[in-house]
Amino acid sequence: MKKCFLLLFFVVSAVLLNGCGESGDKRINLESGVKSDTHGKTTENRRPLFMKFQNPVIRGFNPDPSICRVGKTYYLVTSSFEYFPGVPVYRSSDLAHWELIGYCLDRDSQLNVAEAISSRGIFAPTIRYHNGTFYMVTTNVDGGGNFYVTAKNPAGPWSEPIWLDRGGTDPSLFFDDDGKVYYTRHEGMGDGYIAQATLNLKTGRLEGCLKEIWRGTGGVWPEGPHLYKVNGRYFLMIAEGGTSYDHMVTIARSNSPWGPFIPDPNNPILTHRDRPESPIQALGHADMVETPGGWWMVFLGIREVTGRFPRVHILGRETFLAPVEWTKDGWPIVNKTGTVDIETDAQLPRWQPIAAQPTRDDFNNDKLALCWNYRRNPNRENFSLTQRPGWLRISCSPVKLSDIKSPAFIGRRQDAFNCTAETLVDFTPQNENEEAGLLVLMNDTHHHEIIITKRAANKVVLLRRQIGTLWKEENPVKITDEQIKLFIFADEQEYKFAYAAKNAEPTIIGNGEVKPLSTEAAGGFTGMFFGIYATANGKQSTNKAYFDYFDYKTD
């Protein structure tokens, strides 16, 4: 009788807690029962069985996630393409809340993307942990091919690259129980296949020729392979369909790591290609991790801009999360339906609060914060945090924003539709070719910026929009203040650009629609960045711009 009463108590408690209609994005600590909001503020003490979390779990441009677990901590890496430093590393204790702790490739000797065109560079990393060492294997598609680096601490430093081969992309590593290490990757073009060889960790060399092991289920671009061993059987999980609206995850298994691999009769195990009504699309390129309480999957997806036809997305491919269960006959089922929603109920691992990141960077340190990226290998002489303490100095480089080189630019990911970017600039242009400003950028030829420059002997602020080879400047406003605040106000439909004197309210001088900057219009694999920059537009200059702070706020 007592056991029945306890069982009834827990069932009723779970129903009440899951149906209480919590407002906002509330997080619940499963172990302590402490509920907090996304900023970690404690609000109440309860002990539910499940917790609601929001997808995507890593927002903004963070595609091709790969994950591993060490004890109670999880580490995740994503693709970085032409941005520097390369391969961001995230850490979590509950899979739903992640913090950026470093990069695998933060030295020029590790990463050469100096002349990488947009959406080239680093493709699809895999992170694994074995015998006290972290391994990250990836492809620099135009800079040497496939390689891996190692580290004792995932925050870095990571080793110099150990080069493997130039063929294919999306490499992965699997450490088997008998000590063998398997190197698996995509080979060929749209109708390619998954190839595999063993890796000798002592020599850093592949052993023997790569062998074809699976061609997938017939979808184009069978890629992103990961090999697992579950209950004595080998599972090969891949992405198919191309990294767009037909993207999907498929899986096969074998009694040998070399196959033959028998496909899951319920493939694809994850896709939204048949859910056009969902705001989440293009699910695929997944990795799995086993936790003390069960299996989980991370994968990429996109959030579409609502109210648009044709479909567009601007934030890039983001990292999503879903629970995985196993059927009685040994096949994985993702989130019970093979689909996901923005909000998911699941029993996550033990949660530890993560401090909210500050909305303002005051440039008070001698190193840039981890959120900042360069486009390609930077010329570090163009930047200084010490010449004028509390300000970031950016020199007017001759490199233009549209050049396939590294402009004097730093940017951070846009990770929400509704947000604001703001900076304070101290800049006096000497010639009409010199400019400094604030911009939103998808790639070299698709960006909008609000700039301070010189026109007809006057210092002005103006709006410029570039779409491909077309560009337009408009609404120049004469200004006399030495220091000017620049703003970008973003929502799902447009970016609004504004300026203000240091102690004044902003004045909007123009706007630009999001659609011309979307991936569907601009192409490529990356997402939107907010950034600050200075340039002399092809000419030599000794002039410099100084930025006092950068604010990034989301609604």
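Because the structure is a prediction, the values reported are computed rather than measured. Hydrogens, waters and symmetry mates are skipped; everything else that's a heavy atom, side chains included, is used.
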Presence of salt bridge, [Y] and [X], under 4.0 angstrom:
| X | Y | answer |
| --- | --- | --- |
| Asp361 | Arg412 | no |
| Glu449 | Arg464 | yes |
| Glu513 | Lys515 | no |
| Arg311 | Glu520 | no |

Taking [X] for the side chain and [Y] for the main chain, is one N or O donor matched with an acceptor at less than 3.5 Å?
| X | Y | answer |
| --- | --- | --- |
| Glu99 | His97 | no |
| Glu494 | Asp491 | no |
| Asn62 | Pro65 | no |
| Thr126 | Val137 | no |
| Ser395 | Ser397 | no |
| Asn431 | Glu434 | no |
| Ser244 | Asp246 | no |
| Ser406 | Arg375 | yes |
| Lys400 | Pro398 | no |
| Thr271 | His247 | yes |

Once rounded to the nearest 0.5 Å, what's the spacing between atom [atom1] of [X] and atom [atom2] of [Y]?
| X | Y | atom1 | atom2 | value |
| --- | --- | --- | --- | --- |
| Met442 | Leu315 | CE | CG | 8.0 Å |
| Tyr75 | Tyr90 | OH | OH | 15.5 Å |
| Phe530 | Phe550 | CZ | CZ | 7.0 Å |
| Tyr499 | Thr507 | OH | OG1 | 4.5 Å |
| Leu424 | Tyr546 | CG | OH | 14.0 Å |
| Asn373 | Phe61 | CG | CZ | 8.0 Å |

Under the criterion side chain to side chain donor-acceptor pair (under 3.5 Å), I'd like the reasoning laid out for Tyr103 against Gln110: C-alpha separation, chi angles, the key distance, then a yes or no. CA-CA 11 Å; Tyr103 295 84; Gln110 297 171 303; over 6 Å; no

Chi angles and distances behind the side-chain contact (heavy atoms from CB on, under 4.5 Å) call for Val460, Thr453: CA-CA 6 Å; Val460 299; Thr453 188; 3.9 Å; yes

Heavy atoms only: give me the nearest [X]-[Y] pair and the separation to one decimal.
| X | Y | result |
| --- | --- | --- |
| Glu82 | Ser118 | OE2-CA, 3.5 Å |
| Pro157 | Ala151 | O-CB, 3.6 Å |
| Trp158 | Cys104 | CB-O, 3.3 Å |
| Asn335 | Ala322 | CB-CB, 4.1 Å |
| Ser93 | Tyr74 | O-CE1, 4.0 Å |
| Gln466 | Gly468 | NE2-O, 3.0 Å |

Between Thr73 and Arg91, does a side-chain contact (heavy atoms from CB on, under 4.5 Å) hold up when you go through it step by step? CA-CA 7 Å; Thr73 305; Arg91 177 176 61 198; 3.5 Å; yes

Do Tyr374 and Phe383 pass the ring pair (Phe, Tyr, Trp, His ring centres under 6.0 Å) test, and can you show the C-alpha distance, the side-chain angles, and the key distance before you say yes or no? CA-CA 11 Å; Tyr374 304 99; Phe383 307 91; 5.2 Å; yes

Would you call the rings of His448 and Phe497 parallel, tilted or perpendicular if under 30° counts as parallel and over 60° as perpendicular? perpendicular

If the plane angle is over 60° it's perpendicular, under 30° parallel, otherwise tilted; pick one for Trp221 and His186. tilted

More than 12 foreign heavy atoms under 6.0 Å from [atom1] of [X]: is that the case here?
| X | atom1 | value |
| --- | --- | --- |
| Lys454 | NZ | yes |
| Glu473 | CD | yes |
| Glu381 | CD | no |
| Lys459 | NZ | yes |

Is there a side-chain contact between [X] and [Y], using heavy atoms and a 4.5 Å cut-off?
| X | Y | answer |
| --- | --- | --- |
| Ile127 | Leu76 | no |
| Leu368 | Phe363 | yes |
| Leu438 | Phe547 | no |
| Ile58 | Val298 | no |
| Asn377 | Val113 | yes |
| Thr344 | Lys52 | no |
| Ser278 | Gln281 | yes |
| Asn140 | Leu105 | no |

Could you walk me through whether Arg376 and Asp403 pass the salt bridge (charged side-chain N to carboxylate O under 4.0 Å, His left out) check? CA-CA 11 Å; Arg376 310 180 182 93; Asp403 289 343; over 6 Å; no

Derivation of the ring pair (Phe, Tyr, Trp, His ring centres under 6.0 Å) call for Phe529 and Phe409: CA-CA 11 Å; Phe529 278 71; Phe409 157 95; 7.2 Å; no

Give the table of side-chain donor-acceptor pairs shorter than 3.5 Å for residues 475-489, with sequence neighbours excluded, one pair per line with atom names and distance.
residue	atom	partner	partner atom	Å
Asn475	ND2	Ile509	O	2.3
Gln483	OE1	Lys502	NZ	3.4
Lys485	NZ	Lys502	O	3.2

Identified side chain to side chain contact (heavy atoms under 4.5 Å, CB included) counterpart of Phe320 within the set Leu300, Val57, Ile280: Ile280

What verdict does the side-chain contact (heavy atoms from CB on, under 4.5 Å) test give for Asp64 and Phe123, after you've listed the backbone C-alpha separation in whole Å, the side-chain angles of each residue and the deciding distance to 0.1 Å? CA-CA 8 Å; Asp64 310 323; Phe123 279 24; 5.8 Å; no

So, using salt bridge (Lys or Arg N to Asp or Glu O under 4.0 Å) as the criterion, who are the partners of Asp108 when residues are at least two apart? Arg380

Applying side-chain hydrogen bond (donor to acceptor under 3.5 Å, both in side chains) between Ser66 and each of Asp287, Asp170, Thr138, report the one that passes. Asp287

Pair up each side-chain donor or acceptor in residues 415-422 with any protein partner under 3.5 Å, not counting sequence neighbours, and list the distances.
residue	atom	partner	partner atom	Å
Asp415	OD1	Tyr552	OH	2.7
Glu422	OE2	Tyr549	OH	2.6

